[in-house]
Peer 1: 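Take a look at this one; I'll ask things after.
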Amino acid sequence: MSNSNHWSKEETADFSYTFLAWYEREKRTLPWRENKDPYRIWVSEIMLQQTRVDTVIPYFLNFMTLFPTIKALAEAPEDTLLKAWEGLGYYSRVRNLQKSAIQIMEDFDGKMPQTAAEISTLKGIGPYTTGAIASMAYGLPTPAVDGNVMRVVSRLFEITDDIAKPKSRKIFEETMQDIISRDNPGDFNQAMMDLGSSTCTPKNPSCNLCPVNEFCQSYEKGTVGNYPVKSKKVKAKPVYYVGMIIKNEKGEFLLEKRPTEGLLANMWTFPLFPEEMMTHEVEVPAGGLHEIASEQTQQIVLKQLQEAMTQKYQLHPTFMKRPLPEIKHIFTHLKWFIACYYGQVDQVKLTDLPENCEFVHPENFEKYTFPGPQQKMLAQYQKNIGQKK
DNA sequence: AAGTCGGGGCT
DNA sequence: AGCCCAGACTT
């Protein structure tokens, strides 16, 4: 266990002075730094969770145009909301954002709560975001400990606690509690972010340019490279799917809305089946369905595809013999491999489709929210099939 | 404490 | 290919 703070009152004041002067000089101009509107700060902090500044900026501007107030957010249709988040990832963030907006309308008279305890009751706002909003919007001396802060602080004080462990966050919060500026905690927290992204980077930090290197214990000892201590993550587990790209006579494609909970909740995809469902009668090569050489084995697989389509959708497509080139999509904890088959149906009775399914013309795809794998499947179709006509 | 939940940039 | 990112929630 590391001892956190070794600074005297004078050193602490010295650090704040130097650090805040650097921030005032070098801070980035960002849309959510224009003022201290708690709503803007809140939305930006949610978007910035596990997401880079450059990625967030256009989403933030669009979001503020669409939903300029907490009230507008609370009243927004769910489809519009999800569409505004399309491509940003971690989609539960935007659902929680709206839940909290409704909660603020009902319990806080439409005004953002102004104490850390109340702020942290909102859905999607954990310890980090509570500290960020409380300090930046209301000037409260609340630590906002994220990955940047743990990296910077671990180097400043040579803290060896594993930052991958939930328990360690407390150590860093206590250290920040000791050193955070009482006069300007909001800028102090933001200065930590800016320093972490520009100078005190994970790899090859620019210590010679660091405004506070004279305060840094690991810099003094030449041990910066040892910090932060972080245990390794388990690597993504492979999952194999068969994707069905089904077109009807009107040029419409079969889409399915995913369940309301879990991975990619409420988003639209081409139908997916677990690969095992298609291959329990055959031996699949290590490389997947793409490497099946035998004509006979292919026929068996195709028969399975058709049975699956009949059972689930009451459709009888004519499939291409071989799948499109394999699609790979990596999530944090899963690695999807998708063998896409293209099939056509000549007659459609929409009443027979399951409730969460629709045939949709590509002209109208813009109205549907598509996650990454879906985008790749569509691209693969357009590249190999769509252009031939 | 461990697992779930996305996507993109960098090395 | 692995690592990282302005994390929070569920179990």
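Just so we're on the same page: letters track the sequence lines, and every chain starts at 1.
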Peer 1: Can a side chain N or O of A:K237 be found less than 4.0 Å away from OP1 or OP2 on B:dT4?
Peer 2: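 Result: no.
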Peer 1: So what does A:F331 touch, heavy atoms closer than 4.0 Å: a base, only the sugar-phosphate, or nothing?
Peer 2: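 Sugar-phosphate contact only.
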Peer 1: Look at the aromatic rings of A:F215 and A:F15 and report parallel, tilted or perpendicular, splitting at 30° and 60°.
Peer 2: perpendicular
Peer 1: Does A:L334 reach a base, just sugar-phosphate, or nothing at all? Heavy atoms under 4.0 Å.
Peer 2: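 Answer is nothing: A:L334 stays at 4.0 Å or more from every strand.
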Peer 1: Please state how far atom OH in A:Y59 lies from atom P in C:dA6, giving the value in whole angstrom units.
Peer 2: 18 Å
Peer 1: Which value, in whole Å, describes the distance between the C1' atoms of nucleotides B:dT11 and C:dA6?
Peer 2: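 That atom pair is separated by 22 Å.
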Peer 1: Starting at atom CG of A:D54, determine the distance to atom P of B:dC10, rounded to an integer number of angstrom.
Peer 2: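 Checked: the CG to P distance equals 9 Å.
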Peer 1: Contact class for A:I133 (heavy atom, under 4.0 Å): base, sugar-phosphate, or nothing?
Peer 2: nothing
Peer 1: Rounding to an integer number of Å, can you tell me how far A:I330 CD1 sits from B:dC5 P?
Peer 2: 17 Å
Peer 1: Can you tell me the distance, in whole Å, between the NZ atom of A:K233 and the C1' atom of B:dA1?
Peer 2: 16 Å
Peer 1: Decide if atom CG of A:N204 counts as having more than 12 heavy atoms of other residues, nucleotides or ligands within a radius under 6.0 Å.
Peer 2: no
Peer 1: Mapping A:G89 and A:V234 onto DNA chain B by nearest heavy atom, which one lands closer to the 5' end?
Peer 2: A:V234
Peer 1: At 4.0 Å (heavy atoms only), tell me whether A:T129 reaches a base, stays on the sugar-phosphate, or touches nothing.
Peer 2: sugar-phosphate
Peer 1: For A:R169, report the nucleic acid contact type (base, sugar-phosphate, nothing); a contact means any heavy atom under 4.0 Å.
Peer 2: nothing
Peer 1: Does A:H329 put a side-chain nitrogen or oxygen below 4.0 Å from OP1 or OP2 of B:dG6?
Peer 2: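 No.
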Peer 1: Check the angle between the aromatic planes of A:F370 and A:Y368 and answer parallel, tilted or perpendicular using the 30° and 60° thresholds.
Peer 2: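 Answer is parallel, since the angle falls under 30°.
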Peer 1: Angle class for the A:F365/A:F270 ring planes (parallel below 30°, perpendicular above 60°, tilted otherwise)?
Peer 2: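 Correct class here is perpendicular.
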Peer 1: Do you see a donor-acceptor pair shorter than 3.5 Å between the side chains of A:R151 and A:N148?
Peer 2: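 There is such a pair (donor and acceptor under 3.5 Å, judged by atom type) between the side chains of A:R151 and A:N148.
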Peer 1: Check if the side chain of A:R52 and the base of C:dC4 share a donor-acceptor pair of N or O atoms closer than 3.5 Å.
Peer 2: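 Present.
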Peer 1: For atom C1', what is the distance between C:dC3 and B:dG6, given to the nearest Å?
Peer 2: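 It comes out at 16 Å once rounded to the nearest Å.
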Peer 1: Give A:W42 one of three labels, base, sugar-phosphate or nothing, depending on what nucleic acid heavy atoms sit under 4.0 Å from its own.
Peer 2: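 Result for A:W42 = nothing.
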Peer 1: I'd like to know if A:T332 reaches the base of B:dG6 with its side chain such that a donor and an acceptor end up less than 3.5 angstrom apart.
Peer 2: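 Yes, the side chain and the base share a sub-3.5 Å donor-acceptor pair.
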Peer 1: Could you tell me whether the side chain of A:T51 has a donor or acceptor atom within less than 3.5 Å of a complementary atom in the base of B:dG6?
Peer 2: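 Checked by distance alone, the answer is yes.
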Peer 1: Which part of the nucleic acid, if any, lies within reach of A:K232 when heavy atoms closer than 4.0 Å are counted: base, sugar-phosphate only, or nothing?
Peer 2: sugar-phosphate
Peer 1: Does B:dG6 have OP1 or OP2 under 4.0 Å away from a side-chain N or O of A:R93?
Peer 2: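 For A:R93, the contact criterion (side-chain N or O under 4.0 Å from OP1 or OP2 of B:dG6) is not met.
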Peer 1: Does the side chain of A:K165 get closer than 4.0 angstrom to OP1 or OP2 of B:dA2 through an N or O atom?
Peer 2: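 True: A:K165 side-chain N/O within range (under 4.0 Å) of B:dA2 OP1/OP2.
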Peer 1: Nearest nucleotide by nearest heavy atom, which residue falls closer to the 5' end of DNA chain B, A:Y90 or A:S168?
Peer 2: A:S168
Peer 1: For C:dG7, take OP1 and OP2 only and decide whether either is under 4.0 Å from a side-chain N or O of A:Q50.
Peer 2: yes
Peer 1: Please state whether the base of C:dA6 and the side chain of A:R28 form at least one donor-acceptor pair under 3.5 Å?
Peer 2: yes
Peer 1: Measure from CZ on A:F60 to C1' on C:dA6 and round the result to the nearest Å.
Peer 2: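 It works out to 13 Å between those atoms.
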Peer 1: Under 4.0 Å, heavy atoms only, any strand: does A:G196 hit a base, just the sugar-phosphate, or nothing?
Peer 2: nothing
Peer 1: Quick one: A:L264 CG to B:dT4 P, roughly how many Å, whole number?
Peer 2: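 About 14 Å, once rounded to whole Å.
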Peer 1: Given B:dG6, C:dC4, C:dA6, which nucleotide is nearest the side-chain atoms of A:N148?
Peer 2: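 Out of B:dG6, C:dC4, C:dA6, the nucleotide with an atom closest to A:N148's side chain is C:dA6.
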Peer 1: Can you tell me if A:T201 uses its side chain to pair, donor with acceptor, with the backbone of A:S197 under 3.5 Å?
Peer 2: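 Not confirmed, A:T201 side chain does not pair with A:S197 backbone.
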Peer 1: Judged by modelled atom types alone, do A:D194 and A:Q190 share a side-chain donor-acceptor pair under 3.5 Å?
Peer 2: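 Distance-only check fails for A:D194 and A:Q190.
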Peer 1: Tell me which nucleotide among C:dA6, C:dA1, C:dT10 gets nearest to the side chain of A:K123.
Peer 2: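 Per side-chain heavy atoms of A:K123, the pick is C:dT10.
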Peer 1: For A:K235 and C:dG2, what is the distance between atoms NZ and P respectively, to the nearest whole Å?
Peer 2: 5 Å
Peer 1: Does A:V53 reach a base, just sugar-phosphate, or nothing at all? Heavy atoms under 4.0 Å.
Peer 2: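 Base: the residue A:V53, judged by heavy atoms under 4.0 Å, touches a nucleobase.
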Peer 1: Given atom NE2 of A:H333 and atom C1' of B:dG7, what is their separation to the nearest angstrom?
Peer 2: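 So the two atoms are 13 Å apart, to the nearest Å.
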Peer 1: With a 4.0 Å cut-off on heavy atoms, is A:K376 in touch with a base, just the backbone sugar-phosphate, or nothing at all?
Peer 2: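 Answer is nothing: A:K376 stays at 4.0 Å or more from every strand.
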